[in-house]
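See below for the structure under consideration.
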Protein chains: 2
Amino acid sequence: MMKKLGSLHENLDFKIYQELKSMILERKLKPGDKLYQDRIARDFGVSRTPLMCALKKLEQEKLIQAIPRRGFFVRKFSKEEIIHIFELREVLEGLAARRAAIHGTTVQLQKIKSFFKQFKNLYEEIDVKQYSDEDQSFHNYITQVGGLDLLQSIVRNYNIITFSYRLDFMEGLIRHPRETMGEHLAIIDAILSRQPEKAEEEMRNHLKWSRQRLAEDDKKTR
Amino acid sequence: MMKKLGSLHENLDFKIYQELKSMILERKLKPGDKLYQDRIARDFGVSRTPLMCALKKLEQEKLIQAIPRRGFFVRKFSKEEIIHIFELREVLEGLAARRAAIHGTTVQLQKIKSFFKQFKNLYEEIDVKQYSDEDQSFHNYITQVGGLDLLQSIVRNYNIITFSYRLDFMEGLIRHPRETMGEHLAIIDAILSRQPEKAEEEMRNHLKWSRQRLAEDDKKTR
DNA sequence: TATTTTTACATTGAATACAATATACAAATA
DNA sequence: TATTTGTATATTGTATTCAATGTAAAAATA
């Protein structure tokens with residue numbers, strides 16, 4: 001007799017947590033918005049107890065800010081913080097890329113090889129939104145293959161990759177595909193040819209250059 | 001009239017959270033122990049509502065494991081996970097060391113210079129416990145000076161440094177001060193002389209060698 | 001009118017109460 | 001006796017209730 005996995009029952013607070021999280025990431029809840037417990041609990045059709053737990057979790061992830069006896073507010077991310085996130089991505093995804101080159105299975109490497117296929121013809125017009133999505137999937141997958149549980153849970157918990165593609169202060173990509181396409185291919189190539197040091201370096205440079213572009217734009221707009 | 005800071009009131013759940021966390025880190029609660037909400041709430045003299053919130057936070061930090069409808073259990077950390085933690089420390093503290101060399105103030109650098117002073121006479125007998133504490137303080141301080149908010153909160157939240165000094169499977173240090181003392185001085189030197197790349201490299205190597213020693217011991221004890 | 005004080009109301013934080021599920025032990029069956 | 005089934009109890013997850021605090025608007029004062 002096969003036993004059903006206990007982790008399949010999800011508690012209410014986890015469902016609310018996920019729902020609120022995606023509402024924040026999709027900008028249905030905007031930075032500065034106050035989260036009225038009463039109203040949200042009513043909307044979701046639950047009591048304030050599991051909702052409170054969900055809010056505390058979101059606070060820990062820095063998605064919302066709690067002020068005692070005042071309430072919870074959706075956080076705003078400054079450009080400076082986003083630059084810091086990129087600085088972290090450099091080392092974290094660098095590690096993931098290195099490990100992917102060492103530990104990635106043949107099947108995983110095949111999948112890595114398949115990214116950006118539809119954009120390889122540089123003479124065609126590139127759909128920027130589509131490229132951005134592919135970009136995000138690519139970085140997520142490398143992180144997944146890189147495979148340290150702890151690394152993955154940090155990246156997921158703090159929405160480190162997600163935030164890089166949902167910037168408050170700008171639309172679209174930080175750099176044009178013309179610029180980043182080659183870097184992506186270099187990363188893929190290094191992983192496929194099992195060169196861990198090179199994979200780490202290429203990944204780090206790729207993200208460093210994006211960070212530097214962000215920092216430049218930052219200076220200009222002051 | 002000066003208003004008192006709102007953040008000074010701490011909520012009850014935060015106090016319980018801190019108390020439980022230190023009990024786990026100090027091994028008053030041991031891996032595998034079940035956390036009975038009723039009993040703990042009674043012991044602390046609070047209701048189960050804030051306790052539940054505290055438990056959820058600890059779950060997010062992976063200090064305890066929640067099984068729905070069954071309860072919360074103190075987690076056990078395998079040697080493999082500790083090795084992974086060191087792998088993360090390599091890149092995270094490497095970044096911190098690099099940034100410390102760039103952004104550290106004169107005062108901060110003076111303090112960094114003062115670490116390990118009492119152990120510099122290698123002919124004297126070294127108190128291993130004392131050295132271990134100094135070691136931990138040193139790594140914490142570099143991380144603090146390195147200064148990205150997000151980096152710090154990751155390191156604190158996941159108890160990344162703390163765990164490295166509280167190993168389930170062994171007592172005391174991974175390597176003898178004879179071995180690590182020189183590495184520590186090299187890191188300090190690189191930061192004081194404002195060599196970011198060197199500081200990062202020295203820090204990464206220092207942690208990599210400890211990780212490799214752990215991995216070796218791991219093989220032996222199988 | 002501008003500023004302070006009072007008061008009513010809204011909202012949060014925590015305790016209690018209740019329902020759903022899991023555990024443990026006894027009874028029943030093969 | 002070993003295994004299954006049923007039942008009592010313990011424990012968790014959620015809703016409800018209550019008290020403390022914050023907010024905002026009206027009344028009182030200068």
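Letters go in sequence order (proteins before strands), and every chain restarts at 1. FYI, side chains are in, hydrogens and waters are out, and symmetry mates aren't considered; it's all heavy atoms of this structure.
With hydrogens and angles ignored, a donor-acceptor pair closer than 3.5 Å exists between the side chain of B/Thr49 and the base of C/dA15.
Atom C1' of nucleotide D/dA15 and atom CE of A/Met52 are separated by 14 Å, given to the nearest angstrom. B/Arg42 places its CZ atom 13 Å from the C1' atom of D/dT11, with the value rounded to the nearest Å. Rounding to whole angstrom units, CG of residue B/Asn11 and C1' of C/dA14 are separated by 10 Å. B/Phe44 has its CZ atom 15 Å from the P atom of C/dA14, to the nearest Å. Between A/Phe72 atom CZ and C/dT12 atom P there is a gap of 8 Å when expressed in whole angstrom units. As a whole-Å value, the separation of B/Arg39 CZ from D/dT12 P is 12 Å. In this entry the distance linking CG of B/Leu51 with C1' of C/dA14 reads 12 Å, nearest Å.
Backbone-only engagement by B/Leu35 is indicated by non-hydrogen atom pairs under 4.0 Å involving sugar-phosphate atoms exclusively.
Distance from the side chain of B/Tyr36 is smallest for D/dT11 among the nucleotides C/dT12, C/dA14, D/dT11. Comparing atom distances between the B/Lys34 side chain and each of D/dG13, C/dT11, D/dT12 picks out D/dT12 as nearest. Of all nucleotides listed (D/dT14, C/dT12, C/dA22), C/dT12 comes nearest to the side chain of A/Arg69. With C/dT11, C/dG13, C/dT16 as the candidates, the nucleotide lying closest to the side chain of B/Ser47 is C/dT16. Of the candidates C/dT11, C/dA14, D/dG13, C/dA14 carries the atom nearest the A/Arg48 side chain, counting heavy atoms from C-beta on.
Counted by atom type alone, B/Thr180 and B/Arg175 present zero donor-acceptor pairs between their side chains at under 3.5 Å. There is a side-chain donor-acceptor pair under 3.5 Å between B/Lys21 and B/Asn159. Between the side chains of B/Arg75 and B/Gln65, no donor-acceptor pair is found at a separation under 3.5 Å. No hydrogens or angles considered: nothing links the side chains of B/Tyr17 and B/Asn11 as a donor-acceptor pair under 3.5 Å. In this model, a donor atom of one side chain and an acceptor atom of the other lie less than 3.5 Å apart for B/Gln60 and A/Glu61.
The 5' end of DNA chain D is approached more closely, in terms of each residue's nearest nucleotide, by B/Asp38 than by the other of A/Val46 and B/Asp38.
Considering only residues two or more places apart in sequence or on other chains, A/Phe86 meets the ring-ring contact (aromatic ring centres under 6.0 Å, His included) condition with none of them. Partners of A/Phe116 according to the ring-ring contact (aromatic ring centres under 6.0 Å, His included) rule, which considers only residues two or more places apart in sequence or in another chain, are A/Tyr131, A/Phe138, A/His184.
Taking side-chain N and O atoms only, B/Gln37 has a distance below 4.0 Å to OP1 or OP2 of D/dG13.
Using a 4.0 Å cutoff on non-hydrogen atoms, the parts of residues 12-19 of chain A near DNA chain D are A/Leu12, A/Asp13, ordered by number.
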